[in-house]
Amino acid sequence: MSLRTSAKRSRPPKRSSSQHFAIVGAGIAGVACARTLVQAGHRVTVFEWNAQPGGRMVSDATPFGSFDSGAQYFTVRDPRFKRVLQTTPELCRPWSANAVRVLDAHGRLAEAALPQLEPHFVSQPGMNALVAHWAKPLGDSLLTGVQVTQIERDALDATRWQLRTEADDGAVHVHSGFDAVLLATPPNPARRLLGEHSPQLKEQLAPVKVSPCWTLMIAFPNATQPTLAHLGPQWNAARSTHHRVAWLARESSKPGRQMVERWTLQASADWSQEHLHDDAPRVEAKLLRAFAEITGIRAEPAYAQTRCWPEAQTMVPAGKPHLWDAKARIGAAGDWCTGHRVEEAFLSGLSLALAVH
Ligand SMILES: Cc1cc2nc3c(=O)[nH]c(=O)nc-3n(C[C@H](O)[C@H](O)[C@H](O)COP(=O)(O)OP(=O)(O)OC[C@H]3O[C@@H](n4cnc5c(N)ncnc54)[C@H](O)[C@@H]3O)c2cc1C
């Protein structure tokens with residue numbers, strides 16, 4: 001018997017069916033994507049800058065109760081989103097759907113303009129509860145308090161990716177060996193991290209525009225006494241055409257929340273853009289004046305806090321459910337792919353996972 005050697009042409013390295021994905025961002029898009037990939041037998045490492053998953057679905061804790069400072073509620077239009085929510089019914093509650101009002105510029109009810117309303121849902125006890133629950137099975141694969149500062153080709157294997165990160169305590173790390181990188185952040189961090197790695201994604205991201213949002217959170221703890229229980233208007237949520245204010249909601253009216261009278265007010269996109277670089281006390285004073293004009297509540301709140309979201313709402317979406325460059329093996333997902341809502345972010349994360357799988 002003779003042993004023969006034959007010259008074989010070198011082939012590109014074959015990827016095993018189970019791959020290791022780096023996912024940047026643990027908002028609902030990143031977590032939906034990560035869960036789907038894990039369920040399909042892949043390995044993921046999810047990097048999240050904040051201390052908790054949830055992204056713009058967040059509840060800020062205060063001594064007077066929590067405020068949903070980002071997303072106020074979500075809609076459920078797509079059967080895939082509905083099916084997933086049905087697995088955790090205890091976390092998802094309908095919220096005063098038919099009480100949302102439309103106000104004119106002076107805070108008066110715009111009689112003719114009441115829209116056809118669809119059910120509105122909140123997660124309880126806070127808006128972050130849903131994503132936090134879905135993220136639990138990720139265990140140690142979810143790294144929080146870690147900002148991804150750069151993505152680059154793996155130093156040991158140029159077919160793979162490595163990520164540079166900086167932790168809250170300033171510790172810098174390089175995480176290597178990823179078969180693909182999936183960016184589940186708002187568009188600007190995605191653009192920064194993408195750099196020149198994928199001209200295709202860069203081009204698809206270029207037209208996407210998002211607007212900022214200044215948010216004011218105020219509490220009136222004395223109003224919990226029975227006589228003052230309904231301080232101000234008899235509605236719980238309203239869209240407004242006041243030049244400063246787009247949305248107001250009584251946080252205490254949401255299911256599973258504390259009873260202290262609390263309001264969240266979101267400034268309009270134009271006003272937020274115009275005042276993006278103002279300091280917080282100045283914004284607070286202006287939004288408080290607008291709140292008094294609209295609701296008639298002129299009492300001094302015991303608690304007031306503002307928060308600025310530099311990338312709150314999509315104005316121009318990418319127009320595709322997800323972005324994926326199969327050659328570079330980089331993808332992107334988020335609400336901005338098709339819209340500006342929680343549900344769209346979920347569907348985008350799901351769509352990216354199915355595409356890369
Ligand atoms: C004020 C406001 C009001 C809203 N109201 C509603 C509403 O009523 N109804 C509705 O449906 N939607 C609403 N939205 C939109 C909704 O919140 C979003 O559509 C949805 O939460 C987006 O999810 P996402 O996963 O795409 O992104 P995000 O939730 O933004 O998640 C992205 C994550 O990426 C992380 N990240 C970013 N850069 C890095 C990095 N370099 N390294 C590591 N991590 C990083 C961020 O910390 C964040 O956690 C509102 C948003 C805001 C801000």
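Counting convention: from 1, in listed order, for ligands and their atoms alike.
- In this structure, Arg153 contributes its side chain and Gln162 its backbone to no donor-acceptor pair below 3.5 Å.
- Of all atoms in ligand 1, numbered sequentially from 1 with element shown, those under 4.0 Å from a heavy atom of Ala184 are 32 (C), 33 (C), 34 (O).
- For Arg341, a nitrogen or oxygen atom sits less than 3.5 Å from a nitrogen or oxygen atom of ligand 1, counting backbone and side chain alike.
- The residue Ala333 has no part lying near ligand 1, judged by heavy-atom distances below 4.0 Å.
- Side-chain contact between Phe67 and Val58 is absent, with no heavy atoms from C-beta onward closer than 4.5 Å.
- Looking from atom 26 (O) of ligand 1 to the surrounding protein, the closest heavy atom is Asp335 N, 3.2 Å.
- Looking only at heavy atoms of the protein, atom 27 (O) of ligand 1 is closest to Arg56 NH2, 3.2 Å.
- Nearest to atom 38 (N) of ligand 1 by heavy-atom distance, out of Gly339, Ser211, Pro189, is Pro189.
- By the side chain to side chain contact (heavy atoms under 4.5 Å, CB included) test, Val316 is found to be paired with Lys209, residues two or more places apart in sequence or in another chain being considered.
- Short contacts between ligand 1 and Ala345, defined as distances under 4.0 Å to a heavy atom of the residue, involve ligand atoms 22 (C), 23 (O), 24 (P), 26 (O).
- The protein non-hydrogen atom at the shortest distance from atom 51 (C) of ligand 1 is Ala312 O, 3.8 Å.
- Backbone and side-chain nitrogen or oxygen atoms of Ala29 are examined, and one is located within less than 3.5 angstrom of a nitrogen or oxygen of ligand 1.
- Put simply, the side chain of Gln305 does not reach to within 4.5 Å of the side chain of Asp60, judged on heavy atoms.
- Val342 has its side chain out of reach of Leu130: every pair of non-hydrogen atoms, C-beta onward, lies at least 4.5 Å apart.
- Close approach of ligand 1 to Gly27 is summarised as follows: ligand atoms under 4.0 Å from at least one heavy atom of the residue are 25 (O), 29 (O), 31 (O), 33 (C).
- Few gaps surround CD on Glu90; more than 12 heavy atoms of other groups in view lie less than 6.0 Å from it.
- Listed by chain and residue number, nothing satisfies the side chain to side chain contact (heavy atoms under 4.5 Å, CB included) test with Ala206 (two or more places apart in sequence, or in another chain).
- A donor-acceptor distance shorter than 3.5 angstrom exists from the side chain of Trp336 to the backbone of Thr185, with no hydrogens or angles considered.
- Near Gln147, the atoms of ligand 1 lying under 4.0 angstrom from a non-hydrogen atom of the residue are 41 (N), 42 (N).
- Atoms of ligand 1 lying under 4.0 Å from at least one heavy atom of Val24, given by number and element, are 40 (C), 42 (N), 43 (C).
- Under the 4.5 Å side-chain criterion, counting only non-hydrogen atoms from C-beta, Arg164 is not in contact with His175.
- The shortest side-chain heavy-atom distance between Ser268 and Gln273 does not fall under the 4.5 Å cut-off.
- In terms of protein heavy-atom proximity, atom 37 (C) of ligand 1 is nearest to Thr185 CG2, 3.6 Å.
- The distance criterion of under 3.5 Å between nitrogen or oxygen atoms is met by Ile28 with respect to ligand 1.
- By the 30° and 60° cut-offs, the orientation of the rings of Trp161 relative to His197 is perpendicular.
- Among protein heavy atoms, atom 3 (C) of ligand 1 sits closest to Gly70 O, 3.1 Å.
- For Arg43 (side chain) and Gln19 (main-chain N/O), no donor-acceptor pair under 3.5 Å exists by modelled atom type.
- Heavy-atom proximity to atom 13 (C) of ligand 1, evaluated over Gly25, Ala71, Pro310, is greatest for Ala71.
- Asp335 pairs with exactly one of Gln313, His340, Arg56 by the side-chain hydrogen bond (donor to acceptor under 3.5 Å, both in side chains) rule, that one being Arg56.
- Backbone and side-chain nitrogen or oxygen atoms of Tyr73 are examined, and one is located within less than 3.5 angstrom of a nitrogen or oxygen of ligand 1.
- The shortest N/O to N/O separation between Gln72 and ligand 1 falls below 3.5 Å.
- Close approach of ligand 1 to Pro186 is summarised as follows: ligand atoms under 4.0 Å from at least one heavy atom of the residue are 30 (O), 32 (C).
- The neighbour count for Gln86 CD, taken as heavy atoms of other residues, nucleotides or ligands under 6.0 Å away, is above 12.
- Here is the list of ligand 1 atoms found below 4.0 Å of a heavy atom in Gly334: 26 (O).
- Ligand 1 lies nowhere less than 4.0 angstrom from a heavy atom belonging to Thr75.
- Of all the heavy atoms of Trp49, the ones lying under 4.0 Å from any atom of ligand 1 are found in both the backbone and the side chain.
- The shortest N or O to N or O distance between Val148 and ligand 1 is under 3.5 Å.
- Ligand 1 has a nitrogen or oxygen under 3.5 angstrom from a nitrogen or oxygen of Glu48.
- Closest protein heavy atom to atom 12 (N) of ligand 1: Val342 N, 3.5 Å.
- For atom 15 (C) of ligand 1, the closest non-hydrogen atom of the protein is His340 O, 3.4 Å.
- The Gly55 neighbourhood of ligand 1 comprises atoms 29 (O), 31 (O), 48 (C), 49 (O), with distances under 4.0 Å to a heavy atom of that residue.
- At distances below 3.5 Å, at least one donor-acceptor pair connects side-chain atoms of Glu344 with backbone N or O atoms of Arg341.
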